[in-house]
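Quick notes on the structure that follows.
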Amino acid sequence: MTAYNLTHIEELESEAIYVLREVASQFENPALLFSGGKDSIVVAYLARKAFSPAKIPFPLVHIDTGHNFPETIEFRDEFVKSINAELVIGSVQQSIDEGKVVEENGYNASRNLLQTTTLLDTIESYKFDAAIGGARRDEEKARAKERFFSHRDEFGQWDPKNQRPELWNIFNGRKSYGESFRVFPISNWTEMDVWQYILHEKIALPMLYFSHERESFVRDGVIMAATEFIQMKPEEVVEKRILRFRTIGDMTCTGATVSSAASIEEIIEEIAATRTTERGTRSDDKRSEAAMEDRKKEGYF
Amino acid sequence: MGMELLRFTTAGSVDDGKSTLIGRLLYDSKSIFEDQYEAIEETSKRKGDEHVNLALLTDGLRAEREQGITIDVAYRYFATPNRKFIIADTPGHIQYTRNMVTGASTANLALILVDARNGVVEQTHRHTFIASALGIPHIVFCINKMDLVDYEESVFIKIRKEIESFSSKLEVKDVRFIPISALHGDNIVNDSEHMPWYRGGTLLYLLENIHIGSDHNHIDCRFPVQHVIRPQSDDYHDFRGYAGRIAGGVFKRGDEVMILPSGFTSRIKAISNHNKELKEAFAPQSVCLTLEDDIDISRGDMIVRENNQPTIGQDVDVLVCWLNPRPMQPSGKYAVKHTTNDVRCIVKEILYKVDINSLHRVEDDKQVGMNDIARVRLRTTKPLFFDRYARNRITGSLILIDEGTNETVGAAMVI
């Protein structure tokens, strides 16, 4: 009997694959939100496993803020080709050009909030009824309360106080016309689980995650990549640093850590010794204590 | 890589110190990051708290922090060198019992908190009953706030006796008791200096060492077909794979199997996980099966062994926990989700409600409202393939959905 035991990574993989297959079965037109970050790469990889040897039965959707690292975009295009998937791009620049959203100004300008509008518009115009994301419950305290199948009303809003109970491995994806779901197959994974899985499965990642030299500057204690997308303050100085990124988002809100970790093994070692959270380098979460909860209520995934 | 996963749920009444206990577990096992700790330190100071309020770690929603209560299930994660843990932290308020049921449904273990000053209260009975009804194999009672009763052994023993007399009437495999102080950290990660009379291990020691290897059913082969894989490519022209997560038993390549409801038999040709071929697979693995014969199989069918079949039927007796403010409608119709099957049902008969305090059957009041637990007879539109919940938590469970609102209104366990 003792032989029939799964390791925690195998059990988490099995759970995620089950959730992905449930999405394909319960929804007519799902999509996988793909940012080019490690979590969405892992989810896309799991989707490939879930439906193998068939193709992933839904497109990958990238909400492109126009402020991405060029390395992310390069990786995205290669990755999509390698798994023979379909790619849909929602452009924040287009939302700005069409006057649907107004670009923020000033030193802390970010397109992070604007992407919610583009995301909801993309979901609406393609009539996606489920959007799969790589969010994890360990990332942030509002996300700790999220279901695997997260119901959104016709405005894409999350109602945290009135979530559907989610029991056993039965997922209720029933909805009225116009409503949709966000689905999070790796809800139960931690940052460490994701890295261990990447190591175990030898999953390719954008080079941004590995130690490299880059022009950067420090703002509010966070190291930011020097880029034309950020308006620098007079006292801020650009310097070359050996660094890497723990998460990858927009260039305007993704902080780096000084690091010499150049392989997955070294990254795992580094994370095991780290005393700050992954999103501690994300300035978009620091706007207020409930920043994530508020964005999610409005439809941010 | 080789760690086991233990899922546990926590329950307690309001102010039993549940969030503090979890905060303490995370803090003492060094699973809290500096920036998280600084954030709650800051908030505690602002609110004028004497200690750093570890409860703030688990209260994620704005309303929770404002009211100082936990509203919804929060999931927390931590790991020790031996095990990885998923905590479903569930609120103690009576109106949120549905969340405890949610958290309990996937748990291997339940931590139930009892305030040493108050002893066993109505909520303790409710939580114990739910943990037992949801088939949680291990229940650990943490007698908390021992510091406020001078770490008296007699208090602990009195409470333990009271719980034992209640829990002996329930089906619980393994019951443990630990005297703790979550606030001061007694017997959480480190042995308590204040309670030399307690010789059992600390809570963390217990969590790390309790045997959970046999919590899954590896006897009765059950494979609910979740998704049929038919690649639209020349390389796999004739490929038909049956994807799903094994709900029970061990499936081996070459095994003779039967498909329900058709009753056709075939042999397992291959078991795979992407490009990995497996000789055998067991619960709770997600795999893809191919069969020797071309048989019409679709989602909702179940692959089993001919000599070990589940019950096949349209009449199902269940224990239902009601989760919605709108009471269960006698003779009402609901949508049902059971394994990968979607059917409809009618509530044929409400047999009795369970009085959670006395465990007596209540037969004269058959109004099943939110948080009530009742024995009910359902009639489904199509046959289901099910087992007793006590035998298999996957094939023995189903949810009821209100067809008007699409809300999950009932959690049911096959008796």
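Below, chains carry the letters A, B, ... as their sequence lines are ordered, and counting in each starts from 1.
In this structure, A:Ser25 contributes its side chain and B:Gln226 its backbone to a donor-acceptor pair below 3.5 Å. Judged by distance alone, the side chain of B:His218 and the main-chain N or O of A:Tyr4 form a donor-acceptor pair under 3.5 Å.
For B:Gln232, no part lies under 4.5 angstrom from a heavy atom of chain A. A:Lys55 does not touch chain B: none of its heavy atoms, backbone or side chain, sits under 4.5 Å away. For chain A, the nearby parts of B:Ile399 are the backbone and the side chain; heavy atoms of each come within less than 4.5 Å. Only the side chain of A:Arg164 comes within contact range of chain B, judged by heavy atoms closer than 4.5 Å. For A:Gln26, the part lying near chain B is the side chain, with the backbone staying farther off; criterion is any non-hydrogen pair under 4.5 Å. At a 4.5 Å heavy-atom cutoff, the contact between A:Glu15 and chain B is made by backbone and side-chain atoms alike.
Under the side chain to side chain contact (heavy atoms under 4.5 Å, CB included) rule, A:Pro165 has a single partner from B:Val409, B:Asn324, B:Thr102, which is B:Thr102. Under the side chain to side chain donor-acceptor pair (under 3.5 Å) test applied with B:Asn406, the options A:Lys175, A:Arg174, A:His151 reduce to a single match, A:Arg174.
Residue with the most contacts toward chain A among B:Asn273, B:Thr106, B:Leu323, B:Asp342: B:Asn273 (heavy-atom pairs, distance under 4.5 Å).
Between A:Tyr45 and B:His274, the ring planes are perpendicular. Angles over 60° get that label, and only those under 30° would be called parallel.
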Checklist entry - Does the salt bridge (charged side-chain N to carboxylate O under 4.0 Å, His left out) test come out yes or no for B:Lys84 and A:Glu11, once each step is laid out? => result CA-CA 11 Å; B:Lys84 172 169 161 114; A:Glu11 191 171 333; over 6 Å; no
